[in-house]
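Here the structure is laid out as structure tokens; the discussion comes afterwards.
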Amino acid sequence: MRTLVLIPCYNEEENIRSVVERLQATCPDVDYLVINDCSTDGSEQVLRENGFNYLSLPINLGIGGGVQSGYRYAQANGYDIAIQMDGDGQHDPAYLHRVIEPVAKGELDMCIGSRFLEKEGFQTSFMRRLGIRIESALIRILCGKRILDVTSGFRACNSRMIAFFADHYASDYPEPEAILSATLNGFRVGEAPVLMRERQGGTSSIVGFKPIYFMIKVSLSLIVDRLAFSRKGGACK
């Protein structure tokens with residue numbers, strides 16, 4: 001099956017070369033596309049000088065808009081599977097096929113690489129884990145789906161899911177909102193165990209007490225999404 005790895009990149013000058021090179025060495029059978037979301041550092045120069053496959057956006061769209069651009073590219077070029085992999089080095093391409101497998105077998109429409117199923121590898125900070133648990137519980141209340149690692153950006157989608165996300169993808173908090181949206185619209189969503197590493201370079205934007213702020217905003221957004229879906233009385237398809 002034709003598989004495209006989508007790598008969102010915003011100011012990942014320190015990481016993006018090693019991320020792409022490790023992917024190429026580990027999974028030479030897949031295609032990839034780095035989505036450079038109008039980085040202000042030397043990310044684009046690194047991509048250009050190394051001859052990597054990339055798309056540079058003219059303005060910063062944020063993680064949601066950047067990833068949706070990748071899904072539109074995947075749809076336009078007829079890929080069977082698209083799999084997201086972060087540009088900060090946390091996602092190990094050695095687990096790529098484990099995440100793809102349930103989708104390739106037709107068992108799931110979207111499979112999320114979860115660090116919490118086997119609780120091995122980097123488990124992130126206490127505050128972020130707390131926020132993730134709360135968001136996981138909220139998603140289960142809102143749509144009946146239990147997903148442990150709701151903020152994981154390591155996820156594979158089939159062609160039906162690609163087409164849906166090409167038209168419907170959240171801009172602010174895409175990882176948890178995508179789970180809610182996909183489930184409400186009848187897609188099959190699940191998880192596969194993976195190991196993740198700490199960010200390999202640069203600084204995360206969610207530090208200190210920001211996870212609490214992030215959790216509150218995501219929770220409100222999820223509730224609004226659920227109410228909007230009910231008001232429309234059906235799917236977005």
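Computed from a predicted structure; not experimentally measured.
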Could you check whether any side-chain heavy atom of Pro174 comes within less than 4.5 Å of a side-chain heavy atom of Tyr169, counting everything from C-beta outward? yes
Sub-3.5 Å donor-acceptor pair from the side chain of Thr26 to the main-chain atoms of Arg22, do we have one? yes
Parallel, tilted or perpendicular: rings of His168 and Phe164 (30°, 60°): tilted
Please answer whether the main-chain N or O of Glu12 pairs with a side-chain N or O of Ser43 as donor and acceptor at a distance below 3.5 Å. yes
Verify side-chain contact (heavy atoms from CB on, under 4.5 Å) between Asp149 and Met196, making sure each step is shown before the conclusion. CA-CA 12 Å; Asp149 204 347; Met196 293 189 188; 4.0 Å; yes
Roughly how far, to the nearest 0.5 Å, is the OG atom of Ser219 from the CD1 atom of Ile134? 7.0 Å
Decide side-chain contact (heavy atoms from CB on, under 4.5 Å) for Asp31 and Leu33; before the verdict, give the C-alpha distance in whole Å, the side-chain angles of both, and the deciding distance to 0.1 Å. CA-CA 7 Å; Asp31 296 335; Leu33 178 71; over 6 Å; no
Check: Arg155 and Glu175 side chains under 4.5 Å, non-hydrogen atoms: yes
Side chains of Val103 and Asp109, heavy atoms from C-beta outward: is any pair under 4.5 Å? no
Mark yes or no for whether Lys145, through its side chain, and Ile139, through its backbone, hold a donor-acceptor pair below 3.5 Å. no
Less than 4.5 Å apart, any side-chain heavy atom of Ile35 and any of Leu57? yes
Salt-bridge criterion met for Asp80 and Arg2 (N-O under 4.0 Å): no
Val99 vs His97, side-chain contact (heavy atoms from CB on, under 4.5 Å): CA-CA, chis, key distance, verdict: CA-CA 5 Å; Val99 180; His97 290 292; over 6 Å; no
Quick check on the hydrophobic clustering: are Tyr10 and Leu47 connected, directly or via other members, by side-chain heavy-atom contacts under 4.5 Å? no
Donor-acceptor contact present, side-chain Asp41 to main-chain Glu13, <3.5 Å: yes
How close do Asn11 and Thr40 get, counting heavy atoms only, and between which atoms? OD1-N, 2.7 Å
Minimum heavy-atom separation for Leu117 to Pro193, with atom names? CD1-N, 3.5 Å
Apply the test side-chain contact (heavy atoms from CB on, under 4.5 Å) to residues Ile7 and Leu23: give CA-CA distance (whole Å), side-chain angles for both, the deciding distance (0.1 Å), then the verdict. CA-CA 10 Å; Ile7 308 175; Leu23 172 64; 4.0 Å; yes
At their closest point, which heavy atom of Leu4 faces which heavy atom of Gly70, and how far apart are they? CD2-O, 4.5 Å
Whether Asp86 side chain and His91 backbone form a donor-acceptor pair below 3.5 Å: no
Can you get from Val218 to Leu227 by hopping between Ile, Leu, Val, Met, Phe, Trp and Tyr side chains that sit under 4.5 Å apart? yes
At their closest point, which heavy atom of Cys38 faces which heavy atom of Ile59, and how far apart are they? CB-C, 3.6 Å
Single-linkage hydrophobic cluster, 4.5 Å side-chain cutoff, Leu195 and Ile83 together: yes
Closest non-hydrogen atoms of Ala182 and Val189, given as atom of the first, atom of the second and distance, are CB-CG2, 3.9 Å
Answer whether the closest heavy-atom distance between the side chains of Phe229 and Asn185 falls below 4.5 Å. yes
Gap between atom OG1 of Thr151 and atom CD1 of Ile132 - 0.5 Å precision: 3.5 Å
Does any pair with a residue in residues 51-72 pass side-chain hydrogen bond (donor to acceptor under 3.5 Å, both in side chains), and if so which ones, sequence neighbours excluded? Asn36-Ser56, Asp37-Asn60, Glu44-Ser56, Tyr71-Gln84
Between the side chain of Ser221 and the main-chain N/O of Lys217, is any donor-acceptor distance below 3.5 Å? no
Arg17 CZ: over 12 foreign heavy atoms closer than 6.0 Å: no
Check whether Asp92 reaches the backbone of Tyr95 with its side chain - one donor and one acceptor, N or O, closer than 3.5 Å. no
For the atom pair CG (Asp29) and CG (Leu96), what is the distance rounded to the nearest 0.5 Å? 8.5 Å
Look at the side-chain heavy atoms of Ile, Leu, Val, Met, Phe, Trp and Tyr, link any pair under 4.5 Å apart, and say whether Ile216 and Met127 land in one connected group. yes
Main chain of Leu142, side chain of Arg226: is a donor-acceptor contact present, judged purely on distance under 3.5 Å? yes
Where the side chain of Asn50 meets the backbone of Phe52, is there a donor-acceptor pair that is under 3.5 Å apart? no
Same cluster or not: Ile141 versus Leu148, using hydrophobic residues (I, L, V, M, F, W, Y) connected whenever any side-chain heavy atoms lie under 4.5 Å apart? no
So, do Leu55 and Val34 sit near enough that their side-chain heavy atoms are less than 4.5 Å apart? no
Quick check for you: to the nearest 0.5 Å, what is the distance between Glu191 atom CD and Arg146 atom CZ? 8.0 Å
Quick one, Val19 and Asp88 - any side-chain contact, counting heavy atoms below 4.5 Å? no
Over all heavy atoms of both residues, which pair between Leu61 and Gly66 is shortest? Give the atoms and the distance, please. CB-N, 4.1 Å
What is the distance from atom CD of Glu135 to atom CG of Leu180, rounded to the nearest 0.5 Å? 12.0 Å
Could you tell me whether the side chain of Phe165 reaches within less than 4.5 Å of the side chain of Gln75, counting heavy atoms only? no
Please check if the number of heavy atoms outside Arg98 that lie under 6.0 Å from its CZ is greater than 12. yes
Working to the nearest 0.5 Å, report the span between SG of Cys111 and CG of Asn158. 11.0 Å
Donor-acceptor contact below 3.5 Å, side chain Ser152 vs main chain Ser114: no
